[in-house]
Amino acid sequence: MDKPAILGGKPIFNKRCPVHIVRPTLPDLKMLMPELKKVFQSGQLTNAVNVREFENRTAKYLNVKHCVAVSSCTAGLILTQKCLGLEGEVIVPSFTFHATAHSLLWNRLTPVFVDCREDTFNLDEKKIEPLVTKKTSAILAVYLYGNPPAMEKLKLLANRYNLRLIFDSAHAFGSEYKGVKAGGFGDAEVFSLSPTKLLVTGEGGLVATNDSVLADKLKIARNYGDSGNYDCEFNGLNARMAEFNAILGIEGLKIVDKKVKMRNRIAAHYTNFFRNYDGISFQEVKKENLSTFKDYSIIIDPDILGIDRDFIAMALHKENIMTKKYFYPPVHMQKAYALYRKSGLEITERLSTRVLSLPIYSSLSDRMIDRICDAFARIFKYKNETVREVFKNAKRYT
Ligand SMILES: *Cc1c(COP(=O)(O)O)cnc(C)c1O
């Protein structure tokens, strides 16, 4: 076996065409052209027939009463919390993308971080109850990488303490909990439609809810808070979706299920390879659930494997394989959250130093995955030399 690129071997992938971690799979442009042309000719560029059509189709797909299209998941989360009138504290995981928590700060809500589970990486439902106080108004749960959290337990807790239950479903368009599509759980689920997610509109978000009062209010909220009479009852945002984006979404919806299937295949392919290595573990998706695998991540135990996550990421970079550390640092360790830092997040902190997210997108071929695995195999084989090399050149790599 050749030496890894970090030790002078020939990189497995060419520098001019590295393997990116994501590549959006888009619908056929030809299919979009007639509708794009109509929008051009009509001059109605925003919030018109295509947005309505997109909302109707996604509501049908998700099996919910209402979908409200917005300009991003972040805006959708901000407006949902505002329209529900949340106050005080909200229980939220820290092992997530920072925008989950940002939405709370925009509403002057206090994030109360809860640790995650070692198996599913989702917020640990068993650690929520001790965090509930008189000030708690909601739980904001996340489908981590598309993996559904423990729905029944979350619902039970929300009912017991009279809390709202909202989902950051950014990763979860196409996920299923016990055969039921993500979208209809809790008071609202908020999806992201940005290019790294399953359903892509360019930029965009979608609030799914069975609450008609909330849906009506959201439609006002995304339009500055103006219901149409130019006498705002509250301060909204401009969070409307443009027609071009909706057209992309309508076509994209047709290929979502295929993408979910492909990503599950890729995940199984990787897992099959990494299973042979002690010191590497995986996120558990319960058998009865379906994840989108918006991300595929491995957990690297440096004590067992003899090489740590950061060294492996550097060595892969030399092979022209891009990776991400989702999610490091966890939200509560980031500067913007210094006021909300707390102890009791041991699993979150450990996972975040060991997690490595690998390339995954529906057009990633078996051959490419095998070559990525080859890169890992030789990095592992030469791990002692690799570690020495990284230490020797510490400055060059930081
Ligand atoms: C991508 C993402 C968001 C933000 O979505 P935008 O549409 O970019 O605002 C929020 N939460 C999670 C978990 C995400 O991955």
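All figures in this text were calculated on a predicted structure; none of them were measured in a lab.
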Open item on the list: With side-chain contact (heavy atoms from CB on, under 4.5 Å) as the criterion, how do Leu163 and Leu157 come out once you've worked through the C-alpha distance, each side chain's angles and the decisive distance to 0.1 Å?
Closed with: CA-CA 8 Å; Leu163 308 175; Leu157 284 166; 5.8 Å; no
TODO: Measure up the Tyr145 and Phe327 rings against each other and bin them: parallel (under 30°), tilted (30 to 60°), perpendicular (over 60°).
DONE: parallel
TODO: Report yes if the side chains of Asp2 and Arg378 come closer than 4.5 Å at any heavy-atom pair, otherwise no.
DONE: yes
- [ ] Answer yes or no: is there a donor N or O on one side and an acceptor on the other, between the side chain of Thr209 and the main chain of His66, under 3.5 Å?
- [x] no
Task: Thr292 side chain vs His171 backbone, donor-acceptor pair below 3.5 Å - done: yes
- [ ] Give the cluster check for Ile250 versus Leu206: same hydrophobic cluster or not, with ILVMFWY residues linked at side-chain heavy-atom distances below 4.5 Å.
- [x] yes
Task: Residue pair Asn238 / Ser71, side-chain heavy-atom distance below 4.5 Å - done: no
Open item on the list: Using 0.5 Å steps for rounding, measure from the CG atom of Asp301 to the OG atom of Ser281.
Closed with: 7.5 Å
Open item on the list: Test of understanding: clusters of I, L, V, M, F, W, Y form through side-chain heavy atoms closer than 4.5 Å, transitively. Do Val207 and Leu237 belong to the same one?
Closed with: yes
Open item on the list: What I'd like to find out is whether the side chain of Thr353 reaches to under 4.5 Å of the side chain of Asp308, using heavy atoms alone.
Closed with: no
Open item on the list: For a 4.5 angstrom cut-off between non-hydrogen side-chain atoms, does Val92 reach Phe113?
Closed with: yes
- [ ] Determine, for Glu55 against Arg222, whether the closest basic-nitrogen to carboxylate-oxygen distance falls under 4.0 angstrom.
- [x] yes
TODO: Locate the shortest heavy-atom distance separating Ile360 from Phe293; write the atom from each residue and the value.
DONE: CD1-O, 3.9 Å
TODO: Taking all heavy atoms of Val51 and all of Ala242, pick out the closest pair and write down the distance.
DONE: CG2-O, 4.1 Å
- [ ] Kindly work out whether a path of hydrophobic side-chain contacts (I/L/V/M/F/W/Y, heavy atoms less than 4.5 Å apart) joins Val114 to Val112.
- [x] yes
TODO: Indicate yes or no: at least one non-hydrogen side-chain atom of Ile347 is less than 4.5 angstrom from one of Asp124.
DONE: no
- [ ] Please confirm whether the backbone N or O of Leu305 pairs with a side-chain atom of Lys383, one donor and one acceptor, at under 3.5 Å?
- [x] yes
TODO: Determine the minimum heavy-atom distance between Leu290 and Gly174, stating which atoms define it.
DONE: CD2-O, 3.7 Å
- [ ] Would you give the length of the straight line joining atom CD of Glu233 to atom NZ of Lys217, rounded to the nearest 0.5 angstrom?
- [x] 8.0 Å
Open item on the list: Ignoring hydrogens, what is the shortest heavy-atom contact between Thr96 and Leu144? Give both atom names and the distance.
Closed with: CA-CD1, 4.2 Å
TODO: With side-chain contact (heavy atoms from CB on, under 4.5 Å) as the test, would you mind laying out the steps for Glu349 and Met333 before giving the verdict?
DONE: CA-CA 9 Å; Glu349 288 173 19; Met333 311 273 285; 3.9 Å; yes
Open item on the list: Starting from Phe391, can I reach Phe380 by hopping between I/L/V/M/F/W/Y residues whose side chains sit under 4.5 Å apart?
Closed with: yes
- [ ] Evaluate the criterion side-chain contact (heavy atoms from CB on, under 4.5 Å) for residue pair Phe185 and Leu154; output intermediate values, then yes/no.
- [x] CA-CA 10 Å; Phe185 295 98; Leu154 293 175; over 6 Å; no
Open item on the list: If you apply the rule ring-ring contact (aromatic ring centres under 6.0 Å, His included), what do you find for Phe376 with Phe274, and how did you get there?
Closed with: CA-CA 9 Å; Phe376 270 98; Phe274 288 112; 4.7 Å; yes
Task: Expected output: side-chain Glu319 to main-chain Ala5 donor-acceptor under 3.5 Å - done: yes
- [ ] Starting at NE2 of His20, measure out to NZ of Lys324 and round the result to the nearest 0.5 Å.
- [x] 11.0 Å
Open item on the list: Is the distance from the ring center of Tyr61 to that of Phe173 below 6.0 Å?
Closed with: yes
Task: side-chain contact (heavy atoms from CB on, under 4.5 Å) partners for Leu339, two or more places apart - done: none
- [ ] Measure across Gly252 and Pro27 and return the closest heavy-atom pair with its distance rounded to 0.1 Å.
- [x] N-CG, 3.9 Å
Task: Side-chain heavy-atom pair Glu89, Leu109 within 4.5 angstrom cut-off - done: no
TODO: Compute whether any side-chain donor of one residue and acceptor of the other, for Asp168 and Thr100, lie under 3.5 angstrom apart.
DONE: yes
TODO: Just do the ring-ring contact (aromatic ring centres under 6.0 Å, His included) check on Tyr326 and Phe97 with the steps written out, would you?
DONE: CA-CA 8 Å; Tyr326 286 146; Phe97 190 58; 7.1 Å; no
Open item on the list: Side chains of Thr25 and Ser362 only: does a donor on one sit below 3.5 Å from an acceptor on the other?
Closed with: yes
Open item on the list: Using a 6.0 Å cut-off, check whether atom CZ of Arg160 has over 12 heavy atoms from anything other than its own residue.
Closed with: yes
Open item on the list: Can you give me the closest heavy-atom contact between Cys67 and Leu62, atom names plus distance?
Closed with: SG-CD1, 3.9 Å
Open item on the list: If hydrophobic clusters are built from ILVMFWY residues whose side chains come within less than 4.5 Å, do Ile299 and Phe282 share one?
Closed with: no
- [ ] Flag the pair Lys60 / Asn56 as yes when at least one side-chain heavy-atom distance between them is below 4.5 Å, and no otherwise.
- [x] no
Open item on the list: I'd like to know whether CZ of Arg265 has more than 12 heavy-atom contacts from other residues, nucleotides or ligands below 6.0 angstrom.
Closed with: no
TODO: Identify whether the distance between the nearest side-chain nitrogen and carboxylate oxygen of Glu35 and Lys38 falls below 4.0 Å.
DONE: yes
Open item on the list: Can you tell whether the side chains of Glu385 and Lys3 come within less than 4.0 Å, N to carboxylate O?
Closed with: no
- [ ] Verify, without hydrogens or angle tests, whether Ser94 (side chain) and Val331 (backbone) share a donor-acceptor contact under 3.5 angstrom.
- [x] yes
- [ ] Please round to the nearest 0.5 Å and tell me the distance separating atom CD1 of Ile6 and atom CD of Glu389.
- [x] 6.0 Å
TODO: Go through the steps to decide whether Ile372 and Phe273 satisfy the test side-chain contact (heavy atoms from CB on, under 4.5 Å), and finish with yes or no.
DONE: CA-CA 10 Å; Ile372 294 168; Phe273 168 77; over 6 Å; no
Task: Side-chain heavy atoms of Val142 within contact of Leu123, under 4.5 Å - done: no
TODO: Could you grab the distance from atom CD1 of Ile266 to atom OH of Tyr296, nearest 0.5 Å is fine?
DONE: 11.5 Å
Open item on the list: So does Thr133 get a backbone contact from the side chain of Thr136, meaning a donor-acceptor N/O pair under 3.5 Å?
Closed with: yes
Open item on the list: Please check if the number of heavy atoms outside Tyr161 that lie under 6.0 Å from its OH is greater than 12.
Closed with: yes
Open item on the list: Any side-chain to backbone donor/acceptor pair from Lys259 onto Leu198? Under 3.5 Å, distance only.
Closed with: yes
TODO: Taking Gln283 for its side chain and Thr120 for its backbone only, find out whether a donor-acceptor pair lies under 3.5 Å.
DONE: yes
Task: Output field: ring centroids Tyr337/His102 closer than 6.0 Å - done: yes
- [ ] Decide if atom NE2 of His269 counts as having more than 12 heavy atoms of other residues, nucleotides or ligands within a radius under 6.0 Å.
- [x] yes
TODO: Examine distances only and state if a side-chain atom of Tyr270 and a backbone atom of Pro359 form a donor-acceptor pair shorter than 3.5 Å.
DONE: yes
- [ ] Give a yes or no on whether a salt bridge exists between Arg350 and Glu118, defined as a side-chain N under 4.0 angstrom from a carboxylate O.
- [x] yes
Task: CD1-CG distance between Ile21 and Leu358, expressed to the nearest 0.5 angstrom - done: 7.0 Å
- [ ] Report, as yes or no, whether the 6.0 Å neighbourhood of atom CG on Asn63 holds more than 12 heavy atoms from other residues, nucleotides or ligands.
- [x] no
Open item on the list: Can you list, by chain and residue number, the hydrophobic cluster partners of Ile220 when the side-chain cut-off is 4.5 Å?
Closed with: Phe234
Open item on the list: Quick one about Gln334 and Tyr340 (side-chain donor to acceptor, distance below 3.5 Å, no hydrogens or angles considered), yes or no?
Closed with: no
- [ ] Could you tell me whether a side-chain N or O of Asn147 sits under 3.5 Å from a main-chain N or O of Ser291, the two making a donor and an acceptor?
- [x] no
